[in-house]
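Below, chain A is the first sequence line, B the second, and so on; all start at residue 1.
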4 protein chains.
Amino acid sequence: MSTSTGTAAAAPPRRAARPRADALRNRERLVTAAREMFVESGPQVPLDEIARRAGVGNATLYRNFPERADLVHEVVLSLMARVAERAREAAEQESDAFAAVRRFAHAAADERVGALCPMLDGDFDKEHPELRAERERLEEAVHGLVVRAQEAGRMRADVSVVDLMVALFQLTRPLPGTACSHMDRFVHRHLRLFLDGLEAPARSALPGAPATLEDLRREACGA
Amino acid sequence: MSTSTGTAAAAPPRRAARPRADALRNRERLVTAAREMFVESGPQVPLDEIARRAGVGNATLYRNFPERADLVHEVVLSLMARVAERAREAAEQESDAFAAVRRFAHAAADERVGALCPMLDGDFDKEHPELRAERERLEEAVHGLVVRAQEAGRMRADVSVVDLMVALFQLTRPLPGTACSHMDRFVHRHLRLFLDGLEAPARSALPGAPATLEDLRREACGA
Amino acid sequence: MSTSTGTAAAAPPRRAARPRADALRNRERLVTAAREMFVESGPQVPLDEIARRAGVGNATLYRNFPERADLVHEVVLSLMARVAERAREAAEQESDAFAAVRRFAHAAADERVGALCPMLDGDFDKEHPELRAERERLEEAVHGLVVRAQEAGRMRADVSVVDLMVALFQLTRPLPGTACSHMDRFVHRHLRLFLDGLEAPARSALPGAPATLEDLRREACGA
Amino acid sequence: MSTSTGTAAAAPPRRAARPRADALRNRERLVTAAREMFVESGPQVPLDEIARRAGVGNATLYRNFPERADLVHEVVLSLMARVAERAREAAEQESDAFAAVRRFAHAAADERVGALCPMLDGDFDKEHPELRAERERLEEAVHGLVVRAQEAGRMRADVSVVDLMVALFQLTRPLPGTACSHMDRFVHRHLRLFLDGLEAPARSALPGAPATLEDLRREACGA
DNA sequence: CATGAATGAGGGTTCATTCAT
DNA sequence: CATGAATGAACCCTCATTCAT
């Protein structure tokens, strides 16, 4: 993302927090390196490797992200933001409601959204306000796509936004040891098959699903 | 296991390998423990934990499986064998051709076939003859299901057995940190959606896919 | 100590816990090395150094003492036991009651009892039953010496066992960077001066002191 | 500090060093913060913590004290100066010669003179001229007290100034993990007992001791 | 052969010290 | 000059793998 409003509060225009000339650049390099390596090799890659790939010393990483979970947090946020952006783009640029869903799904795959799955492990604080907010932003964007398609009669009505997202995450999850470029073909094939299923009229009855990711979380914890 | 050791401590046939009484039992306990823990926590669980769960000393594990990859190898074989068995059962017990495909997919999910994905990582020798053989046996069984359904006009003709299997693996892959019992509901939902898509007539044109897992592999390596 | 009843329960004569041929030797080497290095350089010496000095790999140290505090615990126990032994010897071998106190104090200095002070820092569990028991054993032994000397009119009556022990710990505490052999002369000088003060009639009025180390601890925490 | 900077931002005398306004204030804040933290937690506290407590950036600390040893050096000097001052005060304000010794000892304890012990560790240059000079000033002041008391027949004649100072350092050394306020009571108890011993006639024969701290050092190094 | 113990290489983290603004 | 950030060496600890009983 190169637009300056990507994640959250843009830099305050005047003073307030002055000296951040290259420190900010390092932080961003670290997040980028981490995202790439998390996508390639999962979130348990050695932190030293990330630092090396970012071209900084390991302690710089620790200054910015005291715990590994902090780095994961940041990468998750940034990935979610990129994916939400794709959802908004899809809504804007496709007139056909289901075409927008398709476009979003394939764009999300290209962002490697599936890499989020293994990041949700471990000590990671899933209830952090920032994360919850980003999750809701993402969900809202996708929810818009789904509802529009369903109201237009272009998509099975018994499929919730949660179904779409979880399946999307799983189908695009990186297969370890497989060259990304090669997997792409498969991933897009499977998305197409899956989406074909969503477009067609229902062939089998589905029980109710959670309506939001929050509900899913609550169910999971409650059970 | 399909070998003829059903009668446990049968008399040693000739003289080659005498003590099989509990050595064999240990080996099997280890594979079972490993499969359970790999499914629960991924294939990088500490080996000592597996030995403890199996109730043997860690060195016993190493005697049977000198490297971690050997243990993974064995677990992969055993999982594949179980899944192939499910495919054969489905073929036998369902008269409707697509119902057999459905039955197989859901049964494979219950065997946690998705746990295979993270096991294919690392130093694991994917070309080992035993593995290749088991893979072919599995593929053959599933291939039968697919062809039958397609010839009966009950399934999209442009979907290969590889599509089915890779998507099945991905959709049933364990989500870390999620209670299994809870995920089950989702996994089966998504399978149903995906299978609905396979059952319906094609809505979008798919390019050609590899016909077998071997082809997939060859493509992947070649690229 | 080479007597086999030094610390606690001697090895069970027959079976019960069989295989401990050299593991026990390693454990003891570790405690010895740790005691020496703690005395020389304080309890925050690198654990790897201790392992090297003991002639074992570092992981062996961790197997026996999962946390650094466990090693400190053990060394404290062993030091206290040695010092208590000196107190008992002094009681036996000196007929004059105050001579016994003197003998004990100087013997305790030779055991480097002052090195205990910096070990009581940090995460160390001071309420562990074993430690409390050893503390009481030590205190009891010294208490005997003090009471006997006071009842014989050979020692100031307003001095408690706690006074003696804390002052003894402090006066014999290792001075960093000072060759031990050289310090010895000073330590023993100061002990003599201090003990002379205890033997002489009181020159100044002392307020009440805690009667036991437990009391001291309780006061310290309560305040 | 005894330099003539009492009037703070006085006009720079010649031209040599202009900016002393806040640079000097920073330096002093650092030494004060360091003294407090060294006394509380020993001389190995992280230097960043000291800078934070002093309210300056860490690099400012390094500008003033390029190595940790330089900071220790300065703190030792300042502590010794304060203690020497107490010795002079005691000589002035007590008419009884031994009362002056007592007053000094207890005042030194309140200055936490015992915290000097752990500062004498490590790379610290004990032969630096400034340090040597300050040591001699301190020793001279205490020497005056001791000699006066001994000549008045109020103190054992076989006790040297070195004995007094080393024992004083040790008895007042901070016990880690113990609330300072609580220790105070004990420290003063022990000082009283020790001083009682110095006041009383000798009960045991002491061999000769070094006459000055220099002698002690020389012996220590020579051995 | 089975076992518990030993090993050492490697990852995580802290902190003294140096650099760039 | 003052500052925050950067650096790398060192320490703690885990775990795959090997050894001795």
Side-chain angles (χ1 to χ4, degrees), chain A residues 17-27 30 44-51 54-68, chain B residues 17-23 26-27 44-52 55-69 71 123, chain C residues 17-27 30 44-52 54-68, chain D residues 17-23 26 44-52 55-69 71 123:
Chain A
R18 284 168 303 156
R20 278 157 150 176
D22 56 336
L24 214 67
R25 165 160 258 108
N26 273 343
R27 189 186 168 90
L30 282 166
Q44 72 278 27
V45 282
L47 293 183
D48 285 18
E49 301 272 311
I50 295 176
V56 304
N58 60 354
T60 299
L61 192 158
Y62 282 97
R63 166 179 284 276
N64 285 280
F65 306 98
E67 309 199 21
R68 169 186 226 101
Chain B
R18 264 192 308 156
R20 279 157 154 174
D22 56 340
N26 275 346
R27 190 184 168 90
Q44 73 277 30
V45 284
L47 293 184
D48 284 19
E49 304 267 312
I50 294 175
R52 181 161 346 121
V56 305
N58 62 352
T60 300
L61 190 160
Y62 278 93
R63 170 167 299 282
N64 286 279
F65 307 99
E67 308 195 22
R68 165 185 227 100
L71 183 55
D123 324 317
Chain C
R18 284 169 303 155
R20 278 157 150 175
D22 55 338
L24 216 66
R25 164 160 261 111
N26 274 343
R27 189 186 169 91
L30 281 166
Q44 72 277 32
V45 281
L47 294 183
D48 286 17
E49 301 272 311
I50 294 176
R52 179 158 349 118
V56 305
N58 60 355
T60 301
L61 191 157
Y62 283 97
R63 165 180 285 276
N64 284 280
F65 306 98
E67 309 198 20
R68 171 186 223 100
Chain D
R18 265 190 309 159
R20 279 159 152 173
D22 56 339
N26 274 347
Q44 72 277 29
V45 283
L47 293 185
D48 284 18
E49 304 267 313
I50 294 175
R52 181 164 342 125
V56 305
N58 63 353
T60 301
L61 191 159
Y62 278 94
R63 171 167 299 282
N64 285 280
F65 306 99
E67 308 194 24
R68 162 183 231 103
L71 184 55
D123 325 318

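Across F:dA2, F:dA16, E:dG8, the shortest atom-to-atom separation from the side chain of B:Pro46 is found for F:dA16. For C:Ala23, counting side-chain heavy atoms from C-beta on, the closest listed nucleotide (E:dA5, E:dT3, F:dA5) is E:dA5. Between F:dT18, F:dC1, F:dT7, one nucleotide has an atom nearer to the side chain of A:Ala59 than all others, and that is F:dT7. Listed candidates were E:dA6, F:dC19, F:dA16. Nearest to the side chain of B:Leu47 is F:dA16.
Rounded to whole angstrom, the span from the CZ atom of B:Arg52 across to the C1' atom of E:dA2 amounts to 17 Å. Atom CD in C:Glu49 sits about 7 Å away from atom P in F:dC11, given to the nearest Å. Between C:Asn64 atom CG and E:dG4 atom C1' there is a gap of 12 Å when expressed in whole angstrom units. Between the CD atom of A:Gln44 and the P atom of E:dG12 there is a distance of 10 Å, given to the nearest Å. In this entry the distance linking CG of C:Leu61 with C1' of E:dA5 reads 14 Å, nearest Å. Per the geometry, CZ belonging to D:Phe65 stands 16 Å off C1' belonging to E:dA16, to the nearest Å. A:Ile50 places its CD1 atom 12 Å from the C1' atom of E:dG11, with the value rounded to the nearest Å. F:dC15 atom C1' lies 15 Å from atom CD of B:Glu67, rounded to whole Å.
DNA chain F is contacted by both D:Asn26 and B:Tyr62; D:Asn26 maps to the nucleotide lying nearer its 5′ end (nearest heavy atom per residue). Nearest-nucleotide positions on DNA chain E for C:Thr60 and A:Asp48 put C:Thr60 closer to the 5' end. Nearer to the 5' terminus of DNA chain E, by closest-nucleotide assignment, is the contact made by C:Asn58 (compared with the other of D:Arg68 and C:Asn58). For the pair B:Arg63 and C:Pro66, both in contact range of DNA chain F, the more 5′-proximal nearest nucleotide belongs to C:Pro66.
Taking every heavy atom of both residues into account, A:Leu47 and A:Leu61 meet most closely at O-CD1, 3.5 Å. Contact detail for B:Thr60 and B:Asn64: the closest heavy-atom pair is O-ND2, 2.9 Å. Counting all heavy atoms, side chain and backbone alike, A:Ala51 lies closest to A:Gly57 at CB-O, 3.9 Å.
Atom CG of residue B:Asn58 and atom CD1 of residue B:Ile50 lie 11.5 Å apart, to the nearest 0.5 angstrom.
Judged by distance alone, the side chain of C:Arg68 and the main-chain N or O of C:Gln44 form a donor-acceptor pair under 3.5 Å.
Nucleotide E:dC1 has no partner under the Watson-Crick or G-U criteria, as no pair reaches both atom distances under 3.5 Å.
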